[in-house]
Structures are given as C-alpha cells and as structure tokens.
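One structure below.
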Amino acid sequence: MSSGRTIVVGVTGGIAAYKAVNIVRAFVLRGDSVHVVATPAALRFIGKPTLEAISRNPVHTDLYEGVAEVRHVAIGQSADLIVVAPATANTIAKLACGLADDLLGNTILASTAPLVIAPAMHTEMWNNAATQANIATLRERGVVVVGPGTGRLTGADSGAGRMEEPDTIVTAALAALDAADRAAPARRVTPGDLDGKRIVISAGGTREPLDPVRYLGNRSSGKQGVALAEAAAARGAVVVLVAANLEVPAPEHVELRLVSSAADLERAMNVAAGDADVIIMAAAVADYRPAEVRADKIKKDDTGDTLVLTLVRNPDILAGLAAAKKPGQVVIGFAAETETDPDRLLGLGREKAARKGCDYLVLNRVGWTEGFASERNAVRVLDSRGDIVIEASGSKMSVAERILDLLR
Ligand code: C5P
C-alpha cells in the first residue's frame with residue numbers, strides 16, 4: 001500500500017554519495033514520492049541518470065532552473081521529510097549558518113518538514129571544532145543527526161566519520177517523520193474552544209457521471225477537509241462532514257453525509273447549512289457536468305475516433321451559501337490555483353473572495369506535485385476585504401488548526 005509521503009533526499013559531494021541510491025530506493029519501495037536535490041559536487045560522485053531512475057523523478061540541482069514555478073521554495077514546501085545523506089562538512093556548515101546559495105540550501109530553508117542529516121567526512125574534519133559547533137547548533141534546532149559511524153574510511157585510514165548504513169538512516173528518518181506527525185496536531189489543539197459550535201464541512205472531490213461506469217473527476221484527496229473536521233471535533237465542535245469520494249478515512253466523532261456529484265453535494269450542504277454556525281467548503285467541486293448522463297455505457301464503436309462531450313455549468317454552491325447566509329453564520333471557501341507567481345496568486349484570491357461573497361477564503365497553490373496528494377499544505381487566508389489574515393504552512397492538520405483559530 002502506498003504511504004504517499006513526499007520525501008526530499010539531499011545528496012552532497014562526498015564519496016558516500018553512491019550509498020544515497022539505497023536510501024532513495026528504500027523510500028521508493030515504501031511507496032513514497034522521492035525528489036532528489038543534489039549539489040553540483042554530488043554529481044561529480046554519482047550520476048544523475050542513476051538517481052533519476054531510482055527515484056523515478058527528475059533530479060534537481062540548479063537554483064536557476066524552474067524559476068517560473070518558484071522551484072527553490074516549492075520543493076521544500078511540498079516535503080514531508082528532508083534527508084541529507086551524505087552531509088559533508090561544508091553542507092553542515094552552510095546549514096548551521098542558514099545559507100541558501102544552492103538549491104538544497106533554499107529547499108531546506110523553505111521547509112518546515114523534519115530534517116535528518118547523515119554526516120560523512122574524514123575523522124579530522126568531523127572532530128574539527130568548527131564542525132562540532134555546527135552540529136551542536138543543528139541539534140539544538142531539532143535537526144536529527146544520524147551517525148557518523150566509526151570504521152574504514154575512503155583511504156587506508158579508519159575512524160569516526162563514516163556515513164551510517166542506508167538502513168539505519170532510513171529507520172531514523174522514518175522515526176523523525178512519525179514524531180513530527182504525532183507532534184503536529186497536539187501542538188496546537190485547544191480542546192473545548194469550539195464547544196457546541198455547529199460546523200458543516202465539505203471535503204473531497206465531486207464526480208460527475210457520464211454513463212454507468214465513467215465520471216469526470218478531480219485529484220482532491222479530501223485530506224485538508226478531513227483534517228479540518230477532525231480538528232474541529234477535537235476542539236468540541238459538532239461537525240457534519242459532507243464527504244465526496246474521500247481517499248482517506250473519515251474521522252471519528254463527526255456526522256458523515258456521503259455524496260458523489262456536485263448536485264448531491266449541493267443538496268447535502270443546503271440541508272446541513274440550516275442550523276450551522278460555520279460552513280467550510282473545502283471540497284473541490286466540478287464547475288461543469290456532462291449535459292447528458294447516458295443510461296448505457298458509451299461505446300467507442302458508436303463514437304469513432306473522437307468523442308465530443310457537452311458540459312453544462314454547475315451551480316456555485318459556495319456563492320449560494322454565502323448569499324443565503326444567516327446572521328452570525330461564518331462561511332469559508334477554498335481556492336486552489338495553479339498560478340506560480342505569488343502576487344498574481346494573491347490577486348486571483350482577492351477577486352475570488354469578492355466574487356464568492358464568503359467571510360474567509362483559504363488560498364493555496366496546487367500543481368502536479370503540490371496540494372492534493374501531499375500531507376502538507378501552505379495557505380494564505382483572506383478576509384472578505386481581501387486582506388491576508390493568516391499565513392500557514394505545515395501538515396494539513398496544523399493548517400486546519402490555524403484556520404479554526406479564526407472561529408474562537
Ligand atoms: O471557483 P472555484 O472553483 O475556484 O472556487 C473554489 C471554492 O468554491 C471552493 O470552496 C469550492 O468548494 C467552491 N465551489 C462551489 N461550487 C462550485 C465550484 C466551487 O461551491 N461549482
């Protein structure tokens with residue numbers, strides 16, 4: 001079963017770089033999505049094609065590639081975990097100073113994910129006071145340092161400085177990930193501060209049927225909406241979760257209403273909205289549905305080489321709920337956009353907040369590797385005037401907690 005975590009493996013320029021391949025492979029075999037960020041020096045020790053083949057993803061090195069998609073921060077923001085192996089004395093020094101003169105440095109600075117490093121260097125370099133001070137600084141900041149071990153080094157000498165074995169690094173990295181997951185909800189939960197509030201939350205992605213076997217859908221997993229429902233229930237709210245095709249289990253202690261299409265979701269939301277104090281539309285709702293739902297399966301023999309579908313506009317459920325808002329009711333919408341320019345993204349969010357008429361709009365970027373599948377999210381929340389009231393990034397649960405803080 002896929003565990004679906006997004007893991008960045010940083011590879012720096014040491015002989016032990018060849019062992020990074022086994023680390024990458026172990027994560028891939030677990031079902032994680034692995035992105036290798038190699039320093040230019042690392043690629044003098046190990047070939048990019050090897051890392052690309054094993055990670056099944058492009059390997060990034062250059063800070064100035066992919067600038068339009070803001071890659072220098074995007075990779076770090078999407079990471080659930082960063083593992084740097086091997087970590088050279090030079091990279092450790094740069095991390096301790098917070099330097100960002102290469103893609104790996106930028107990625108690490110832009111991330112809130114747990115960071116695990118596996119130092120590898122000669123004994124003298126490891127024992128050097130500068131390296132030891134840098135390691136102490138990193139440990140103080142919560143960086144997990146695995147090894148180094150003691151043993152045969154690259155030359156004839158042996159001593160401390162040998163990179164730990166890949167299995168040991170992977171085990172330590174997964175333990176760090178677990179610890180971060182466990183800490184995330186606990187860190188911000190304030191039990192009881194939403195006591196008795198009735199909160200209706202939609203989550204997931206709608207499916208618009210074409211025929212008895214096919215539908216038009218989207219990649220929403222429902223994770224962010226489910227995190228909101230779970231966190232709200234833990235804080236004492238009475239939660240109705242209107243769930244459209246969730247890819248994750250629904251939380252306990254919520255009233256679940258299962259829906260599939262936008263029309264189902266609209267009906268369920270309108271019913272539940274009646275006595276709600278808060279309405280949160282986290283679901284990805286199809287803007288269009290097939291004009292006709294065929295009673296029988298569409299046959300390619302009847303349609304030929306091309307098939308033209310006519311789609312009709314679905315109602316805007318959020319705008320409808322906002323227009324019908326009862327006094328005191330709070331309506332929160334979401335806007336998932338692929339725009340890469342942060343200013344233009346904000347502009348789109350402001351237009352949407354005004355158009356939808358909701359009290360708050362949660363703005364986040366989505367793309368092929370961002371948003372839906374990830375365990376993490378990075379959002380800006382706008383109020384009805386378009387002012388940013390919250391900027392939050394981290395696990396979807398920690399983002400949920402920040403959004404719910406608006407309702408206390
Ligand atoms: O217009 P856009 O789809 O970007 O707006 C996103 C927000 O509007 C989300 O909160 C989503 O749940 C909601 N929405 C809706 N009805 C639609 C389309 C989107 O309620 N037909």
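For this chain, numbers begin at 1 and follow the sequence in order. One-based numbering, in listed order, for ligands and for the atoms of each.
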Close approach of [X] to ligand 1, heavy atoms, under 4.0 angstrom:
| X | value |
| --- | --- |
| Ala319 | no |
| Ala286 | yes |
| Glu266 | no |
| Lys356 | yes |
| Ala283 | yes |

Worksheet entry | CZ/Arg355: more than 12 non-hydrogen atoms of other groups inside 6.0 Å |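 Enclosed: over 12 neighbouring heavy atoms sit under 6.0 Å from CZ of Arg355.
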Practice prompt. Give a yes or no on whether Arg56 atom CZ has more than 12 heavy-atom contacts from other residues, nucleotides or ligands under 6.0 Å away.
Written response: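 Counting other residues, nucleotides and ligands, CZ of Arg56 stays at 12 neighbours or fewer.
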From the candidates [options], the one that places a heavy atom nearest [atom]:
| atom | options | result |
| --- | --- | --- |
| atom 10 (O) of ligand 1 | Arg355, Met269, Met281, Lys352 | Met281 |
| atom 3 (O) of ligand 1 | Asp287, Ile279, Leu265 | Asp287 |
| atom 20 (O) of ligand 1 | Leu361, Leu318, Leu348 | Leu318 |

When rounded to the nearest 0.5 angstrom, what is the spacing between [atom1] in [X] and [atom2] in [Y]?
| X | Y | atom1 | atom2 | answer |
| --- | --- | --- | --- | --- |
| Thr61 | Leu51 | OG1 | CG | 9.0 Å |
| Lys297 | Arg214 | NZ | CZ | 5.0 Å |
| Glu339 | Arg365 | CD | CZ | 8.0 Å |
| Lys94 | Thr88 | NZ | OG1 | 8.0 Å |

Do [X] and ligand 1 have an N or O pair less than 3.5 Å apart?
| X | result |
| --- | --- |
| Phe334 | yes |
| Gly333 | no |
| Pro315 | yes |

Worksheet item: So which heavy atom in the protein is nearest atom 16 (N) of ligand 1, and how far is it from that ligand atom?
Response: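 Of the protein heavy atoms, Ile317 N, 3.1 Å lies nearest.
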Worksheet entry | Residues Arg235 and Asp405 bridged, charged N to O under 4.0 Å |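 Asp405 and Arg235: salt-bridged.
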Worksheet item: Tell me, do Leu382 and Ile388 make a side-chain contact under 4.5 Å, heavy atoms counted?
Response: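 They are in contact (side-chain heavy atoms under 4.5 Å apart), so the answer is yes.
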